[in-house]
K.L.:
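One structure, as structure tokens, below. Some questions next.
Quick note: residue numbers are just sequence positions, from 1. These numbers were taken from a predicted model, which means no experiment stands behind them. Every number for a ligand or one of its atoms is a count from 1 in the order of the listing. Scope of the values below: all heavy atoms of this structure, side chains included, with no hydrogens, waters or symmetry mates.
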Amino acid sequence: MEISLPRVAEMLHSASTIVLTAHVHPDGDSLGSMLALYQALQADGKKVHLLLDDVVPATYHFLPNWKKISKPVDNDRFTTDLLVILDASDIERIGKVQSAVKAPILNIDHHISNTRFADYTYIDSKVAATGEIILELLNLMKYKVTADIGTCLYTAIATDCGFFRYANTSASTLRYAADLVEAGAQPQSISEALEQRSLSNIVTLTKVLQTIEMHYEGKIATMTIFPDLLHDPDENTEGFINYARSIEGVEIAILFRAIDEQTVRISFRSHRADVSQVALAFGGGGHIRAAGCTVHDTLENAIAQVLPVAIGQIR
Ligand code: AMP
Ligand code: MN
Ligand code: MN
């Protein structure tokens, strides 16, 4: 059932125990939104548990309370009043949290590809980040936006809109960011924390840049990553795809990352073309200009299947 934001506020008000989660392969928006809502609900005296079926990447270790996020282990079973799923468009995206928690599900999200899987859904696909919705919600609930909450929500919003450069940046995105800076978020220290990479990660970037191939009269640029190209198999390649997207004449950039012989994670970025449709065709999802999916096939077959579908979105 789709519900209004005031109804979301009522549901949170009436719950005394809440589990918060978000999508695997966490990013600034999922982590920042989780941590901000956690802090606000805790301050209101609620018993809140942060569960995530993944590790928190080191890049985000500057976020207050990130250590409170725990990974469910196999036999974990949580009974709670409400399971709140943030920034995830599909139940599969929360991994093992799905089986670990028995509770009514409230989903707060901004993905155009949202499958309406939850018992209660609030989606606004016009906002740049789930963090924008969380800020509006906290204001509606009359919760104080502390400096720590400001840091989390500024991170959530800034990361999903490419630091106010992407097409999803609206006047209200900028107003929300201004409110968060007034609350105590520090744009410079947040962007410095997020920009920092290890030397070996920069070396990896130089190798990944060498895999760039141009297709369809230069309108599509691909990057391919084999596990042996990486310094560490879990290495963070976030942001690499933007180099492919920034090439003059490129409409769609695609990054193929082989996880093993039969698993390829794929990221899409575009200037205008709707890549959420390409990702959806392969069981994934996302936004018009940023989407992703996982294909269970060899790297070669994944490329052969995905490229024609991407070309179809340009025509
Ligand atoms: P990424 O390329 O991983 O940064 O993802 C870009 C966008 O697509 C994000 O909004 C993700 O939430 C979404 N996305 C990535 N992979 C998937 C997937 N397997 N299923 C659904 N959405 C995805
Ligand atoms: Mn996200
Ligand atoms: Mn998001």
Side-chain angles (χ1 to χ4, degrees), residues 20-37 52-54 56-57 59-60 63 85-95 98 107-117 122-135 152-163 166-169 173 176 194 208 222-223 225 234-245 252-257 259 263-270 273-296 302 306 310:
L20 296 180
T21 192
H23 64 79
V24 293
H25 308 300
D27 54 18
D29 189 25
S30 57
L31 294 170
S33 295
M34 261 177 97
L35 291 166
L37 189 55
L52 182 70
D53 190 18
D54 213 331
V56 177
T59 317
Y60 299 106
L63 290 174
I85 302 179
L86 300 170
D87 198 41
S89 56
D90 191 321
I91 190 78
E92 303 305 321
R93 299 275 287 153
I94 66 166
Q98 184 187 358
N107 177 213
I108 302 174
D109 185 33
H110 70 128
H111 289 90
I112 197 161
S113 63
N114 191 290
T115 59
R116 273 76 175 166
F117 64 88
Y122 179 82
I123 305 170
D124 184 351
S125 59
K126 292 185 298 302
V127 297
T130 299
E132 286 195 34
I133 304 172
I134 300 300
L135 180 54
C152 293
L153 290 180
Y154 184 94
T155 301
I157 295 172
T159 51
D160 258 24
C161 67
F163 285 83
Y166 300 158
N168 58 5
T169 307
T173 311
Y176 284 133
L194 291 166
V208 173
T222 58
M223 287 172 149
I225 307 181
D234 295 324
E235 195 169 351
N236 178 17
T237 54
E238 178 125 24
F240 287 11
I241 191 172
N242 292 326
Y243 289 94
R245 197 186 82 123
I252 297 179
I254 314 175
L255 183 142
F256 295 93
R257 179 168 172 168
I259 305 298
T263 315
V264 186
R265 274 230 317 271
I266 308 174
S267 291
F268 302 92
R269 297 292 184 275
S270 80
D274 187 355
V275 287
S276 74
Q277 291 299 327
V278 186
L280 268 173
F282 294 94
H287 309 282
I288 291 174
R289 296 173 178 85
C293 61
T294 298
V295 170
H296 297 280
V306 167

K.L.:
Below 2.8 Å, which protein N, O or S atoms neighbour the Mn ion (ligand 3), ignoring water?
P.N.:
D29 OD2, D87 OD1, H110 NE2, D160 OD2
K.L.:
Just distances here: any N/O of I266 and N/O of ligand 1 closer than 3.5 Å?
P.N.:
no
K.L.:
Could you please spell out the steps behind the side chain to side chain donor-acceptor pair (under 3.5 Å) verdict for N114 and S89?
P.N.:
CA-CA 4 Å; N114 191 290; S89 56; 5.7 Å; no
K.L.:
Do S89 and ligand 1 have an N or O pair less than 3.5 Å apart?
P.N.:
no
K.L.:
Angle between ring planes, H23 versus H111, binned at 30° and 60°: parallel, tilted or perpendicular?
P.N.:
perpendicular
K.L.:
With side chain to side chain contact (heavy atoms under 4.5 Å, CB included) as the criterion, how do I123 and R116 come out once you've worked through the C-alpha distance, each side chain's angles and the decisive distance to 0.1 Å?
P.N.:
CA-CA 9 Å; I123 305 170; R116 273 76 175 166; 3.3 Å; yes
K.L.:
Examine the side chains of H287 and D160 and answer whether a donor and an acceptor come within less than 3.5 Å of each other.
P.N.:
no
K.L.:
So, do H296 and T294 sit near enough that their side-chain heavy atoms are less than 4.5 Å apart?
P.N.:
yes
K.L.:
Near H287, which atoms of ligand 1 are under 4.0 Å from a heavy atom of that residue?
P.N.:
10 (O)
K.L.:
Short N/O distance, under 3.5 Å, between S267 and ligand 1?
P.N.:
yes
K.L.:
Going by the order shown, which atoms of ligand 1 are within less than 4.0 Å of some heavy atom of G286?
P.N.:
8 (O), 13 (C), 22 (N)
K.L.:
Given the rule in the side chain to side chain contact (heavy atoms under 4.5 Å, CB included) test, do C293 and F268 qualify, once you have shown the distances and angles that lead to the verdict?
P.N.:
CA-CA 9 Å; C293 61; F268 302 92; 3.8 Å; yes
K.L.:
Less than 4.5 Å apart, any side-chain heavy atom of T169 and any of F163?
P.N.:
no
K.L.:
What protein heavy atom sits nearest atom 21 (C) of ligand 1, and how far away is it?
P.N.:
G285 N, 3.1 Å
K.L.:
Is there a polar contact, in the sense of an N or O pair closer than 3.5 Å, between G284 and ligand 1?
P.N.:
no
K.L.:
Below a 4.0 angstrom heavy-atom separation, can you tell me which part of E238, side chain or backbone, both or neither, approaches ligand 1?
P.N.:
neither
K.L.:
Could you check atom 9 (C) of ligand 1 against the protein and tell me its nearest heavy-atom contact, residue, atom and distance included?
P.N.:
H111 NE2, 4.0 Å
K.L.:
Looking only at protein heavy atoms, which one is nearest to atom 19 (N) of ligand 1, and how far off is it?
P.N.:
C293 CA, 3.6 Å
K.L.:
Specify the protein heavy atom at minimum distance from atom 11 (C) of ligand 1: its residue, its atom name, and the distance to 0.1 Å.
P.N.:
R93 NH2, 3.5 Å
K.L.:
Indicate, as side chain, backbone, both or neither, the part of R269 found under 4.0 angstrom from ligand 1 when only non-hydrogen atoms are considered.
P.N.:
side chain
K.L.:
Does L52 reach the side chain of P26, with side-chain heavy atoms less than 4.5 Å apart?
P.N.:
yes
K.L.:
With Y176, which of L153, L135, V127 fulfils side chain to side chain contact (heavy atoms under 4.5 Å, CB included)?
P.N.:
L135
K.L.:
Distance-only, no hydrogens or angles: does the R245 side chain make a donor-acceptor pair with backbone N or O of S270 under 3.5 Å?
P.N.:
yes
K.L.:
Looking at A290, which atoms of ligand 1 are within less than 4.0 Å of one of its heavy atoms?
P.N.:
6 (C), 7 (C), 8 (O)
K.L.:
To check your reading of the model: name the closest protein heavy atom to atom 18 (C) of ligand 1, its residue, and the distance in Å.
P.N.:
G292 O, 3.5 Å
K.L.:
Heavy atoms, side chains only, cut-off 4.5 Å: are H25 and D54 in contact?
P.N.:
yes
K.L.:
Counting C-beta onward and ignoring hydrogens, is there a side-chain heavy-atom pair between I85 and I108 closer than 4.5 Å?
P.N.:
no
K.L.:
Kindly indicate, with the supporting measurements, whether the criterion side chain to side chain donor-acceptor pair (under 3.5 Å) is fulfilled by N168 and H110.
P.N.:
CA-CA 11 Å; N168 58 5; H110 70 128; 5.9 Å; no
